[in-house]
Amino acid sequence: MGSTKNKALWLWKGLVDLLLPPRCADCGIGIEAACSGDPLAPALCHVCRSRLDMLGCAVCALCQASPPATMLGETERCGACAGRSSPLAACLASVAYRGEAERWVHRFKYPGAGLAGLDPRARQVLSALIRDAASRAPAPPPQLVVPVPLHPRRLRERGFNPSALLARHLARSIGAVFSPAVLKRIRDTPSQTGLGRKARQLNVRGAFALQTDARLPPRVWIVDDVVTTGSTLAEVARELRRGGAHHLVAICVARTL
Ligand SMILES: [Zn+2]
Ligand SMILES: [Zn+2]
């Protein structure tokens, strides 16, 4: 019963948000409609967004930590990433995962009562951040957008896949196909927290499997909330390549630096 009430409240809040002019998800101040075209404009006012640690644009498209040294395809890489093979053409996040950004991600990922208890403000902010990350991606746009899947057991526990909500929103906003079912998580891997790059790679090896009959279009975006070393995203990309995709870009909300 409680969850039905929560859902009704959530729907009501969504309706009110639609009818009223945009307000900052953090402080509630009205936001000028004039800022449209800026992915963050409908979600946060200038004061509140200044508290987020936005990642710069003139950085390596794979690690976002170092200045670019060379072009690889349509993206720029730093010296270290240029010498490393990756199944991803780019791996892009909007903000550094710390401070306010970390708070928003937690509000989004760990709501009180599963999907029905989702925090609409956090959803608004993360949707804006995922669109901002996508605005940094190399052209042309993808034909398909997929989330990093959760293992069915984790999905049952949590009630929703945060990455799938973000991927669906992003696909709609750019007019691409959203497909959460092409890929399955077949191994319930232990948490990656505290593991180094090599250990993370081993931890997620073989964790994903394509739907047996999946034939994918060439250009696919993979969506996740937070990227750390990129091991999970690289493993997802390798599996999508087996299905025929060959230009793969990861789009994330935040990056651990
Ligand atoms: Zn504000
Ligand atoms: Zn790099």
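Ligands are counted one by one from 1 in listed order, and the atoms in each one are counted from 1 as well. By convention here, the first residue in the shown sequence is residue 1.
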| query | Any N/O/S atom, backbone or side chain, of H46 lying under 2.8 Å from the Zn ion (ligand 1)? | reply |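 Short answer: no, not a single N, O or S atom is under the cut-off.
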| request: State whether a side-chain donor-acceptor pair under 3.5 Å links R131 with H169. | output: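 Distance-only check passes for R131 and H169.
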| Which is it for D225 and K109 under the salt bridge (charged side-chain N to carboxylate O under 4.0 Å, His left out) test, yes or no, and what are the steps along the way? | CA-CA 9 Å; D225 40 55; K109 284 179 76 171; 3.4 Å; yes
| request: Taking the side chain as every heavy atom from C-beta outward, state whether H247 and Q143 have any pair of such atoms under 4.5 Å apart. | output: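 Heavy-atom side-chain distance check fails, nothing below 4.5 Å.
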| request: Could you please compute the angle at the Zn ion (ligand 1) from SG of C48 to SG of C45, rounded to 10°? | output: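 Nearest ten degrees: 110°.
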| query | Once rounded to 10°, what is the value of the angle centred on the Zn ion (ligand 1) between C27 SG and C24 SG? | reply |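 Value, to the nearest 10 degrees: 110°.
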| query | At the Zn ion (ligand 2), what's the angle from C81 SG to C60 SG, rounded to 10 degrees? | reply |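 About 110° at the Zn ion (ligand 2).
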| said: Can you classify the ring geometry of F108 versus F160 as parallel (below 30°), tilted (30 to 60°) or perpendicular (above 60°)? | reply: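 Taking F160 first and then F108, their aromatic rings stand perpendicular (interplane angle over 60°).
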